[in-house]
Amino acid sequence: MTPLVISEATVRVFIFYRDGSLCKGLFLRRKFFKLVRRFDNCFREHAFSTGWKLSNRELDTIITVSPTGYGIWVEMGAHIECDAVRLFSFEDSCASSDEPIDHLLGQRSVEPRAASIHKPEISTRQSTVLS
């Protein structure tokens, strides 16, 4: 399979909740996709390599291109974790090129540096509204 490469400006992105994380999704060609990885512009090679690897696993894959970077999207039913929506980023992502991507493909790798990835904690408690 070949990944579809499109401009991110041509699709509508939505946010959904899954497995304790906020994730990004899109609907295209009568299918739902989830964002599994974002890359800054300086990691173009890594973005396309990851997209091709996922596509070669017979997964419908989309690579979106934007002025700030690349997004790798796979069909919603794929057994791959979505890339959690990052609310805050305190580090320039292009400065750290050693972040592993093998975990997307089910391969073992070392943990990413804590400073380069921030997953917000989401409370699962129900809030009560006072009337």
Pairwise side-chain contact, [X] with [Y], heavy-atom cut-off 4.5 Å (strictly under):
{"X": "T50", "Y": "F39", "answer": "yes"}
{"X": "R38", "Y": "T68", "answer": "yes"}
{"X": "I80", "Y": "L54", "answer": "yes"}

Contact summary for [X] and [Y], nearest pair of heavy atoms:
{"X": "I63", "Y": "A47", "result": "CD1-O, 4.4 Å"}
{"X": "A78", "Y": "L59", "result": "CB-CD2, 3.8 Å"}
{"X": "D40", "Y": "Y70", "result": "O-CD1, 4.0 Å"}

I need the [X] [atom1] to [Y] [atom2] distance, nearest 0.5 Å.
{"X": "M1", "Y": "N56", "atom1": "CE", "atom2": "CG", "result": "10.0 Å"}
{"X": "L35", "Y": "T64", "atom1": "CG", "atom2": "OG1", "result": "7.0 Å"}
{"X": "W73", "Y": "L4", "atom1": "CH2", "atom2": "CG", "result": "12.5 Å"}
{"X": "C82", "Y": "Y17", "atom1": "SG", "atom2": "OH", "result": "11.0 Å"}

* Tell me whether V36 is reachable from I6 by hopping between hydrophobic residues (I, L, V, M, F, W, Y) whose side-chain heavy atoms are closer than 4.5 Å. => no
* Heavy-atom donor-acceptor pair, K34 side chain to F16 backbone, under 3.5 Å -> no
* Asked: What residues, two or more places apart in sequence or in another chain, satisfy side-chain contact (heavy atoms from CB on, under 4.5 Å) together with S7?
  -> A9, T10
* **side-chain contact (heavy atoms from CB on, under 4.5 Å) partners for F32, two or more places apart** => F14, F27, M76
* For I62 and L26, what are the C-alpha separation, side-chain angles and deciding distance, and is it a side-chain contact (heavy atoms from CB on, under 4.5 Å)? -> CA-CA 10 Å; I62 298 173; L26 67 85; 4.0 Å; yes
* Any residue meeting side-chain hydrogen bond (donor to acceptor under 3.5 Å, both in side chains) with T61, in chain and number order, not counting sequence neighbours -> none
Tell me, which pairs form a salt bridge (charged side-chain N to carboxylate O under 4.0 Å, His left out) where one or both residues lie in [range], sequence neighbours left out?
{"range": "residues 59-73", "value": "K31-D60"}
{"range": "residues 70-80", "value": "none"}
{"range": "residues 15-29", "value": "none"}

